[in-house]
Amino acid sequence: MKASRPDPAAGAAAPAAAPAAGAQEPYGSWPSPLDAGLAASLDGRPEYVGTIGPEVWWTEPRPAEGGRRTLVRRPAGGPAAEALPAPWNVRSRVTEYGGRPWAGTERPAGGPLVVFVHFADQRMYAYEPDAPDGPAPRPLTPLSPVGGGLRWADPVLRGAEVWCVLEEFTGPGPTEVRRVLAAVPLDGSAAGDRSRVRELTDDRHRFTTGPRLSPDGRHAAWLVWDHPRMPWDGTELRLAAVAAAGTLTGARTVLGGPEEAVAQVEWGTDGSLLAVSDRSGWWNPYRVDPDSGAAVNLCPREEEFGGPLWKPGLSWLAPLPDGLVAVLHGQGSSVLGVLDPESGDLVDAAGPWTAWQPALAAHGHRVYGVAASPRSAYEVVELDAESGHARVVGAAGVDPIDPAHYPEPQIRTFLGPDDREIHAHVYPPHHPARRAPADELPPYVIWAHGGPTDHVPPVLDLHIAYFTSRGIGVAEVNYGGSTGYGRAYRERLREQWGVVDVEDCAAVARALAAEGTADPDRLAIRGGSAGGWTAAASLAATDLYACAAIRYPVLDLRGFAEETHDLESRYVEALAGPPQTLAVRDRERSPVALADRITAPFLLLQGLEDPVCPPAQAERLLAALRGRGVPYAYLAFEGEGHGFRRSDTMVRALEAELALYTRVFGIERTDVPPLRLDTS
C-alpha cells in the first residue's frame, strides 16, 4: 500500500537538520528523517471515489486507529471532512478482498443519503449526515456471525432499495458460499428479517459484480465468472430488463466468455452500453450493441484501459456528457485522459500524476480519481474536462520530510531467459547530504509484488524511501504475469508460478550486479502474499540472495488450494497446473517441499487472522526447517489479516526488516531494535 500525504491542518514532522554536505558514510548506515512510525502513519491510499450531486466522497485509511477506513466528503467549494467518526469502518469483506463499500444519492428533501458496509459486523447501514436531528447510522441488513453469514458490496441506490452483491456463507468452509444480486429495502425492514431481502439473480454464477443501471432505469448490466477462471481469464457481461415490479427479466450474456476478460461495464450518459474488454489482447474500451452483442473498439491501442478485477466496483472509465468518456490508459502505469468515441481523439490530463488507481467517478464534466507520482503519494484529483484544469481536492498534505530524501525511480527493461523482456523500477540509494565511499557498491533488495496478477507503478512509497534514504537500494520487478503490459505478458506465468517469477526477479538482480549498480554479495529479496511465495521460492531455487523478508506468504501449493478463501481456491490451476499435476508441481516448487534447499536467513511476517494465506502456511515452513540450523525470525501479529493495516504492526515489520539487512549485510545502525534469529 502506498503512503498518503497528511492533511495540512495536522502539521508535519520537521525535517531533520541537514548534516555537512557530502559527508561520507557506508551504504545502509545513513541517517534518515523518515522513521518507521512516520512511514506507517501515512500508509494506505484513498479508494472508492464517488459523487453525490456536486459533492465528492471517498474512503480513506486511518492506520493509527487500528487500520479502520473512514468515509470522507468534500462539498462543492468547501474543505474535505470526515463523514463518519470512529468506530465506523467502511470496508466490505466480500471475497475477503472486499469491494466498493458505499453509495449515495441526494434526498428529495435535501442533503445526502449514504449507505455503507461496516467492517466489524458486515452489515449495511443507511446514514443521513445532514438530517436535523443527527441520527446515527441505522442498519439495513440482518446481523450475522462475524467472519461468516452475510456480506454486501458494490451497492447502487434505486428508489426505495439498495441493489448490490450479496455473499452468503452456507457452511463453515471457506468455499461454502453463494453470491447473487440482491435488493435491500431502505426502510430497515430487512435488518431483522432476512426474507425481506429480494434476490434478483440465482447463484448459477460463482462470482458477480454489482449491477449498473441504465439512465432510464429500464436495464441492468453486470459481470459474472466461474471457477476455475479468475476475472482476468474470462468474464461475461450480463444484461437484463428491469420490470415494473423491480425484477430482472430476460438475463443473457452479450459479451465475454472463457477467453475474454471484461473488466468493467458502464452506461453512457446517452444510454449506450460501454465495456472494457481484452478481446484484442489488450484491455480497450468498447461500445456494445445490447441486442446483437456486436462490440466496436473505441480506441484500439496496444495499451491497457483496464486491469485485474480483484474487487467489484473498480472503475477505469467514467462516462461524461456529450458522449465523451474519461479513461485510464497506458502501459505499466495508467494516466487519465478524455476520449471522444466518435473521432477517436484521446486527450490526456495535464499535471504531475504518473499513475492512477481504478477509482474514477464523474459529475457532469468533472472527473475525480486517485493519482500519485514519484514525488507525491496518492491523492484525490479533480479534472474539469471542459477547461482541462486539474487540481488536488483531497487526501493531500504537506511533505512529511524534505522531499530531497525521496528516491527517484528509474523505469527499466531487463532481459531474462530466452531474451524475454522484464519490466522493473529501480530506486537507487539516495540522500541529499550523504555519499558512500567510491569503492563501495550498495546493497539492494528485490521487491516482488503480490497478486501475482497485479503490478506496481513507479510512485512515491514511503516504505521504499525508508530504505533508500538509509543507503539501501530497491528494485520493484513487474515479472512475467504482471498486468499492465497486455494479456500475453500476464499469461507468461500460466502454469509457471515459482519458475518465471523467480527467474525474472533473479535476472534483474544479476543485471544490477553485473552493471555495477548493486553489490552482488548484498542482495536480498522481499515480497508479500504471492510476492512472499516468490521470495521464499527464490531462496530454495538459487543462492543469489543473502537473505529474504517474507510477508503473509503462500508457501505450499496444495495447502493453499485447500485453505484459502473461495475467490482464489482454484487460482493455482492457472498458476501451477490442473489438479492431477498439482502434487508434482508442489514437490517441484513449493518452499515447504524444498525447505532442505533453503540456507539463507529470512524474516517471516504473518497476520494471525489472515483468511487468504492462513498462518498454517508459515507454520509448515518453520516445521520443515526445524533442526536444519537455518537462521530465521518469525513475527506473528494478532488482529492482522492479509496485508498489514495497523500502524504499530507496520512499525515493527519495517524495523525488523531493516534489522535483518543490517545484520546480514554487516551494516552498523543503532536506531532499530536488533533482530534475534533463531536456528532451532
Side-chain angles (χ1 to χ4, degrees), residues 225 227-235 258-261 263 278 281-283 304 306-310 331-332 413-425 446-457 475-509 525-542 550 553-558 560-561 564 567-579 581-582 584-586 588-591 594 612-613:
W225 68 97
H227 281 324
R229 284 176 284 156
M230 296 297 282
W232 44 85
D233 297 323
T235 58
E259 302 297 328
E260 179 182 358
D278 73 344
W282 297 82
W283 273 303
E304 302 283 40
L309 190 63
W310 276 104
Q331 285 198 31
T413 301
F414 297 87
L415 290 180
D418 303 321
D419 289 334
R420 64 174 182 251
E421 289 188 346
I422 307 165
H423 301 283
H425 316 309
I446 304 298
W447 282 29
H449 65 70
T453 312
D454 207 343
H455 80 285
V456 283
E476 290 185 305
V477 183
N478 281 320
Y479 48 81
S482 301
T483 54
Y485 308 99
R487 184 161 185 140
Y489 191 86
R490 73 176 186 265
E491 289 196 340
R492 286 184 188 176
L493 205 59
R494 184 166 292 277
E495 298 193 20
Q496 295 298 309
W497 197 32
V499 179
V500 166
D501 51 325
V502 170
E503 290 177 346
D504 285 3
C505 287
V508 171
I525 187 166
R526 179 240 220 206
S529 189
W533 157 274
T534 301
S538 295
L539 292 190
T542 176
I550 304 166
V554 178
L555 296 169
D556 165 20
L557 287 175
R558 287 191 295 176
F560 177 73
T564 193
L567 176 66
E568 295 182 81
S569 61
R570 304 284 297 276
Y571 196 9
V572 294
E573 294 182 29
L575 294 173
T581 66
L582 189 58
V584 174
R585 298 285 167 79
D586 186 66
E588 293 173 343
R589 302 178 192 173
S590 288
L594 302 177
V612 179
C613 297

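In this chain, residues are counted from 1 in sequence order.
Among Leu575, Asp501, Ile550, Val502, the single residue meeting the side-chain contact (heavy atoms from CB on, under 4.5 Å) criterion with Trp533 is Asp501.
Counting only N and O atoms by type, the side chains of Thr564 and Tyr571 include no donor and acceptor under 3.5 Å apart.
Shortest non-hydrogen contact noted between Ile422 and Ala507 is CD1-CB, 3.7 Å. Pairing each heavy atom of Ala261 with each of Asp278, the nearest pair is N-OD1, 2.7 Å. The two residues Pro452 and Tyr479 have their closest heavy-atom pair at CB-OH, 3.4 Å. Nearest heavy-atom pair, Pro591 versus Ala536, reported as atom, atom and distance to 0.1 Å: CG-CB, 3.6 Å. Minimum interatomic distance between Ala448 and Cys505 (heavy atoms only, all atoms of both residues): CB-SG, 4.2 Å. Closest approach of Glu259 and Arg487 over heavy atoms only: O-NH1, 3.3 Å.
Taking the ring pair (Phe, Tyr, Trp, His ring centres under 6.0 Å) definition, one finds that Trp225 meets it with Phe207, sequence neighbours left out. Residues passing the ring pair (Phe, Tyr, Trp, His ring centres under 6.0 Å) test with Tyr485 are His423, Tyr489, sequence neighbours excluded.
By the 4.5 Å heavy-atom criterion applied to side chains, Glu568 and Phe560 are counted as neighbours. Contact check for Glu495 versus Thr581: no side-chain heavy atoms found under the 4.5 Å cut-off. Using a 4.5 Å heavy-atom threshold, the side chains of Glu304 and His455 count as separate. Looking at heavy atoms from C-beta onward, Val477 lies out of side-chain contact with His449 at the 4.5 angstrom threshold. Side-chain contact between Val499 and Glu588 is absent, with no heavy-atom pair separated by less than 4.5 Å.
Proximity of a side-chain donor or acceptor of Arg589 to a complementary backbone N or O of Gly498 within less than 3.5 Å is not detected. Between the side chain of Ser538 and the backbone N or O of Thr534, at least one donor-acceptor pair lies under 3.5 Å.
Here Leu415 contributes atom CG and Glu421 contributes atom CD; the two are 7.0 Å apart, rounded to the nearest 0.5 Å. In this structure, CZ on Arg558 lies 14.0 Å from CZ on Arg585, to the nearest 0.5 angstrom. For the atom pair CG of Leu555 and OG of Ser590, the computed distance is 8.5 Å after rounding to the nearest 0.5 Å. Note that the CG atom of Asn478 and the OG1 atom of Thr413 stand 10.5 Å from one another [nearest 0.5 Å]. A distance of 7.5 Å separates CZ in Arg490 from CG in Asp233, rounded to the nearest 0.5 Å.
In this pair, Trp310 and Trp232 present their aromatic rings tilted. The plane angle is within the 30 to 60° band.
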Notebook entry, point to check: What do the steps show when you test Arg492 against Asp418 for salt bridge (charged side-chain N to carboxylate O under 4.0 Å, His left out), and what is the final call?
Noted result: CA-CA 12 Å; Arg492 286 184 188 176; Asp418 303 321; over 6 Å; no

Next item on the list: List the steps and the verdict of side chain to side chain contact (heavy atoms under 4.5 Å, CB included) for Leu309 and Met230.
Entry: CA-CA 9 Å; Leu309 190 63; Met230 296 297 282; over 6 Å; no

